[in-house]
Protein chains: 2
Amino acid sequence: MSLEHAILGWLTTGPGTGYDLARQLDQGLGWFWTAPHSQIYPRLKDMEARGLITSTSEPVGAKSAKRTYEITPDGRKAIREWTETPPTYPPNRDGERLRLIFGDHGNLAALRTHFETHRQHYQERRDSLSRFLHEVSSRQQPRIARRAANAPDEAHQELVIALREIAYRGDVHRAENEIMWAEDCLRWLDAFEVRHGLAEHGSGTGE
Amino acid sequence: MSLEHAILGWLTTGPGTGYDLARQLDQGLGWFWTAPHSQIYPRLKDMEARGLITSTSEPVGAKSAKRTYEITPDGRKAIREWTETPPTYPPNRDGERLRLIFGDHGNLAALRTHFETHRQHYQERRDSLSRFLHEVSSRQQPRIARRAANAPDEAHQELVIALREIAYRGDVHRAENEIMWAEDCLRWLDAFEVRHGLAEHGSGTGE
DNA sequence: CCGACCATGTAATATGTTACATGATTGT
DNA sequence: ACAATCATGTAACATATTACATGGTCGG
């Protein structure tokens, strides 16, 4: 039930609407969780019913309203207890790897495309993450900067920023690792084609 | 719907029962997908109804039966087409990272445990993967060895093993990357504690 | 007035997890 | 006899995805 923890955690950086949350989750990267608004709104209601968050409703036009949520002391306690328990690791599910190991009938062009897609995906991911990491470090992410500014002392301020840097940097490393792997695979494929006299493609490993 | 592709792919290495499949998926690593038997049996029935697989039933005792499934030409076509389309990447969901970035209230002991748990998890994962990789390379994995042996020529035989080696080696690298990250984090935490005069713990970064 | 974006909701469907339930076989 | 393992199923519940549906505000 980590959607709930993502919501609680986000609300520790300040109040906000379901829409604000959805925007940060499913579009614009910078996040370790995603959810569409269809999951968010019902969950917010449920969490309010359980006292983890409260909301104030502001009328908009004649029939509509905008609801701003805020975390409660109970909610703070819940997110704190959750973060203080060691991480658990869900079972691995990796469609890319399944595609790879069962793609052994000999379509080498498809394999090449596979590795190139992989490389490109993680190049884009790395670039987005690097940009976001830079925004965190330079306090351009308003919610994170605010949370840091509200911290009780210098050590806490540093911690708020440092943990996010550590997290995003870890994901940058992951992306770089995937890029290297994809490039190793492409080199292996080149060699395989040469070895078996199948090298009919025009370009080498380069873009 | 990758459970279906995992099933089809597995059946390309030979016929088997739902139980055999479940064993390889949810216990014993060596897999890029998992599912409990409660998901497998209904899915097998559904796939048989759609003509992707067929089964033969062997009576066991008076009231029970054991059902062995086999892939059909339609099933082969489906898995082949699927593997030949480029990989797609599901949205990222990472509870560990959520725990980390929202664990910024200053419980450094919890952070230490977090990083140590992370390191240990990936050390175990790396070791299991390495063992499995070795079993693949040395043809000790019977289903994979059989699939390689049945391949039409030397190039195909090599491909069956090589793709699996590539896949598992990629996951070994991932695990090693996580271990390095966790160790970086522990060193950062040591320095943080020293810098803020909070170094009251007994041991250093070492185990 | 129209399109982009703000804002909230429901419904249908698919997928994943945990628990309950039953029976056979094999070795101790 | 009993435990472990083989073997198959259902039910209840939680979570995730996609689509449908509505209304407001603001700028051009």
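Note that these values count all heavy atoms, side chains included, but never hydrogens, waters or copies made by symmetry.
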Novice: Between the side chains of A/S137 and A/R164, does any donor sit under 3.5 Å from an acceptor?
Specialist: no
Novice: Can you pull the ring pair (Phe, Tyr, Trp, His ring centres under 6.0 Å) pairs that have at least one residue in residues 72-92 of chain B, sequence neighbours excluded?
Specialist: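 Ring pair (Phe, Tyr, Trp, His ring centres under 6.0 Å) check on residues 72-92 of chain B returns A/H118-B/Y89, A/H121-B/Y89, A/Y122-B/Y89, B/H5-B/W82.
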Novice: Looking at every non-hydrogen atom in both residues, tell me the closest pair between B/V172 and B/L129 and how far apart they are.
Specialist: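 Closest heavy-atom pair between B/V172 and B/L129: CG2-CB, 3.7 Å.
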Novice: Go through residues 4-19 of chain A and report each residue with a non-hydrogen atom lying under 4.0 Å from DNA chain D, sorted by number.
Specialist: none
Novice: Rounded to the nearest Å, what distance is computed from the CG atom of residue B/N92 to the C1' atom of nucleotide D/dA16?
Specialist: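 The distance from CG of B/N92 to C1' of D/dA16 comes to 15 Å, rounded to the nearest Å.
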Novice: Rounded to the Å, how far apart are B/R23 CZ and D/dC6 C1'?
Specialist: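 Going from B/R23 (CZ) to D/dC6 (C1'), I get 8 Å.
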Novice: Using a cut-off of less than 4.0 Å, is there contact between a side-chain N or O of B/Y41 and OP1 or OP2 of D/dT8?
Specialist: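 So the side-chain polar atoms of B/Y41 do come within 4.0 Å of the phosphate oxygens OP1 or OP2 of D/dT8, strictly under.
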Novice: When the distance from CD of B/Q39 to P of D/dT10 is rounded to whole Å, what number comes out?
Specialist: 14 Å
Novice: Starting at the 5' end of DNA chain D, which residue's closest nucleotide do you reach first, A/W33 or B/K45?
Specialist: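 Comparing both residues, the 5'-ward one is B/K45.
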Novice: Side chains of A/E84 and B/H114: donor-acceptor distance under 3.5 Å anywhere?
Specialist: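 Side-chain D/A pair, A/E84 to B/H114: absent.
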Novice: Within this structure, what is the CG-to-P distance between B/L44 and D/dT10, rounded to whole angstrom?
Specialist: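 That distance rounds to 12 Å.
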Novice: Ignoring hydrogens and geometry beyond distance, is a side-chain donor-acceptor pair present between B/D127 and B/S130 at under 3.5 Å?
Specialist: no
Novice: Can you say whether a donor on the side chain of B/S38 sits under 3.5 Å from an acceptor on the base of C/dT18, or the other way round?
Specialist: yes
Novice: Is there a salt bridge (charged side-chain N to carboxylate O under 4.0 Å, His left out) between B/R143 and B/D20 once you walk through the steps?
Specialist: CA-CA 12 Å; B/R143 296 186 73 100; B/D20 295 335; 5.4 Å; no
Novice: Just how far, in rounded Å, is C1' of D/dT17 from CG of A/L25?
Specialist: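 These atoms are roughly 15 Å apart.
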Novice: If you look at every strand shown and take non-hydrogen atoms under 4.0 Å, does B/A65 touch a base, only sugar-phosphate, or nothing?
Specialist: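 Touches sugar-phosphate only.
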Novice: Walk me through whether A/Q120 and A/E116 qualify under side-chain hydrogen bond (donor to acceptor under 3.5 Å, both in side chains).
Specialist: CA-CA 6 Å; A/Q120 204 192 329; A/E116 282 167 351; over 6 Å; no
Novice: Indicate whether OP1 or OP2 belonging to C/dA14 is found under 4.0 Å from a side-chain N or O atom of B/R43.
Specialist: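 No, outside the criterion.
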Novice: Quick one: is B/R67 getting a side-chain N or O under 4.0 Å of the D/dT8 phosphate, OP1 or OP2?
Specialist: no
Novice: Quick one: label B/D46 by what it contacts on the DNA or RNA (base, sugar-phosphate, nothing), any heavy atom closer than 4.0 Å.
Specialist: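 No contact.
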Novice: Can you tell which of C/dA7, D/dG9, C/dT15 lies closest to the side chain of B/H37?
Specialist: D/dG9
Novice: Hydrogens and angles aside, do B/E48 and B/S55 bring a side-chain donor and acceptor to less than 3.5 Å of each other?
Specialist: yes
Novice: With DNA chain D as reference, determine whether B/Y69 or A/M1 sits nearer its 5' end, using the nearest nucleotide of each.
Specialist: B/Y69
Novice: Please tell me if A/K63 has a side-chain N or O lying less than 4.0 Å from either OP1 or OP2 of C/dT8.
Specialist: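 Checking C/dT8 against A/K63, no side-chain N or O comes under 4.0 Å of OP1 or OP2.
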Novice: Select one nucleotide: of C/dT15, C/dT25, C/dT8, the one nearest the side-chain heavy atoms of A/K66.
Specialist: C/dT8
Novice: Can you measure B/D20 atom CG to D/dT5 atom C1' for me and round it to whole angstrom units?
Specialist: 13 Å
Novice: Could you tell me the separation between the CD atom of A/E48 and the P atom of C/dG9, rounded to a whole number of Å?
Specialist: 10 Å
Novice: Please check the phosphate of C/dG16 (OP1 and OP2 only) for any side-chain N or O of B/R93 closer than 4.0 Å.
Specialist: no
Novice: Choose from C/dA24, C/dT10, D/dT17 the nucleotide whose nearest atom is closest to any side-chain atom of B/S64.
Specialist: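 My answer, after comparing the listed nucleotides, is C/dA24.
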